[in-house]
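Step one of this worksheet: look at the structure below.
On a predicted model such as this, the values are computed, not experimentally measured, just so you know. Scope of the values below: all heavy atoms of this structure, side chains included, with no hydrogens, waters or symmetry mates. Throughout, numbering of the chain's residues begins at 1 and tracks the sequence.
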Amino acid sequence: MKIFTITMAPISPPYNDGAKNIVMGIAQRIKKHLFYFVSSLGNKFAPETNIAFIPSLFQKPGRHSMSILQKLYVLFITVLIAKKIDVFQFFITPQPYFSGFYSRFVKKNGKKSVQILTSIHTLFNKNANVPISSLFFADRVVVHSDYAKEKLTALGVKNVIRVYPGVETQRFGAPRGSDLKHAPLPRVIYPGTYKILNDSYSFSELLKIALLVTKKIRNAEFVMACRVRTKEDAKLKKEFAVLLKNNGVENFTLLDTVEDMPALFNSCAAGIMPVRRPMVGILEIPLVLLELAVLGKPVIYGNIAPLDELERHGIGIKISGDGADAYAENLIRCLKDAKFYSDVANKSQDGVKRCFTMDAMAAEYDKIYSEIGG
């Protein structure tokens, strides 16, 4: 089958976006189908016999939302190649104008379709006053958590399938650092965005976590691996930097785009993603947490669905409350207690390998394509 996948961001290097990682990983593993993607000009992933890139002049790499010209270009490509496409696949949060056009288009042209939902929280945030069931029209609707499946099914959405997001275990290599004695202590990474941190938790509370940790572990360092994708991101990064300066904090490193995530993650001892409100604008089960876990790094996260499904599979440490004290206490224990560190790391690795690999995810998609393709 020929499958055209529409994503919000162009499919171009580096591997710094969850949706991009997922759709590329699927295509690279299912060689019997031909996959088409819209990409940016310039850098390309290594050639694959079953992957074709359609370059666009209208969206630069790194931008996470489509410009008007990019939207028109994608619509033009959709119409142009429709005759030779068997399946239209959408890895994009649906909205009324999108669903209105594509539901009619695929039906009129007799095409099969798959909608992949990045995040149930983002869906609700963007469609507060819209009947959710009206946004879904595909032969299969793929979600990334049991929580999302239950929510959509209860709202009347049909053909919902839960497929957990998968990690590129080959790209991240053999797990390293599960033994505290050999871990690159004491470096803690926050792998998100400034907007998500500001909206779902708090700049000042994250700083409080860091200050509590450094009282017990004086040489602790914190790394902010946060891509700056918009003007708002740049503004929030500046606000965070000012907060650090005003409090005399110098043990933070602020990074933007990272070319080699495995190397960065292996330079850290643990990861943290504090939340007290739903995270909007990110995969609802962030790949970065799974990537850290498979490399033997304990991850600590908040009790917001569907993150709690990680705990169900033995991955990382879920914090029941949202206060800085609980996060700091667990970080300190991870960084000082060798047995606890190893227990959390090893159990997390096992959980990822059991339920969240790219190979397992691709197998689920292969099954979906076979079912809808007849």
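Between F240 and the options L244, L236, V242, a side chain to side chain contact (heavy atoms under 4.5 Å, CB included) holds for only L244. Exactly one of D308, N330, I300 qualifies for a side chain to side chain contact (heavy atoms under 4.5 Å, CB included) with K318. That residue is D308. Applying side chain to side chain contact (heavy atoms under 4.5 Å, CB included) to Y36 and the options I85, I11, I6, I77 leaves one that passes, I85. Just one of I368, L117, V160 meets the side chain to side chain contact (heavy atoms under 4.5 Å, CB included) condition when paired with V142; it is I368.
Ring centroids of Y327 and Y201 are separated by less than 6.0 Å, placing the two rings close together.
Taking the charged nitrogens against the carboxylate oxygens, K297 and E291 have no contact shorter than 4.0 Å, which rules out a salt bridge. Electrostatic pairing of R333 and E329 does not count as a salt bridge here, judged by no charged N lying under 4.0 Å from a carboxylate O. Taking 4.0 Å as the cut-off between side-chain N and carboxylate O, R29 and D359 count as a salt-bridged pair. The pair D343-K339 meets the salt-bridge criterion, since a charged nitrogen lies less than 4.0 angstrom from a carboxylate oxygen. Checked for salt-bridge contact, D366 and K32 meet the test: a charged N lies under 4.0 Å from a carboxylate O.
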Show me, pair by pair, the donor-acceptor contacts under 3.5 angstrom made by side chains of residues 88-99, not counting sequence neighbours?
{"from": "Q89", "atom 1": "OE1", "to": "Y369", "atom 2": "OH", "distance (Å)": "2.6"}
{"from": "Q89", "atom 1": "NE2", "to": "T5", "atom 2": "OG1", "distance (Å)": "3.1"}
{"from": "Q89", "atom 1": "NE2", "to": "Y369", "atom 2": "OH", "distance (Å)": "3.3"}
{"from": "T93", "atom 1": "OG1", "to": "T118", "atom 2": "OG1", "distance (Å)": "3.3"}
{"from": "S99", "atom 1": "OG", "to": "L135", "atom 2": "O", "distance (Å)": "2.7"}

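The aromatic rings of F203 and Y194 sit perpendicular, their planes meeting at an angle over 60°, well past the 30° parallel limit.
For NZ of K31, the number of neighbouring non-hydrogen atoms (other residues, nucleotides, ligands) closer than 6.0 Å is greater than 12. The number of heavy atoms from other shown groups lying within 6.0 Å of NZ (K216) does not exceed 12. More than 12 non-hydrogen atoms from other residues, nucleotides or ligands lie less than 6.0 angstrom from CZ of R277. Other residues, nucleotides and ligands contribute over 12 non-hydrogen atoms within 6.0 Å of the NZ atom of K71.
A heavy-atom distance below 4.5 Å is not found between the side chains of L310 and V299. The closest side-chain heavy-atom distance from V38 to Y73 is below 4.5 Å. Inter-residue side-chain proximity for I209 and I272 is flagged as met; some heavy-atom pair is nearer than 4.5 Å.
In summary, the side chains of E221 and T253 do not present any donor paired with an acceptor at a separation below 3.5 Å, with no hydrogens or angles considered. S267 and R187 form a side-chain donor-acceptor contact under 3.5 Å, judged by distance and modelled atom types alone. Using modelled atom types, one finds no donor on one side chain facing an acceptor on the other under 3.5 Å when comparing S145 with Y164.
The two residues M1 and V87 make their nearest non-hydrogen contact at SD-CG2, 3.9 Å.
Note that OG1 of T230 and NZ of K235 are 11.0 Å apart. Values are rounded to the nearest 0.5 Å. The line from CZ of R229 to CG of D256 is 10.5 Å long, rounded to the nearest 0.5 Å.
Pairs of residues two or more places apart, or lying in two chains, that qualify as salt bridge (Lys or Arg N to Asp or Glu O under 4.0 Å) and include a residue from residues 144-160 are D146-R162, D146-R312.
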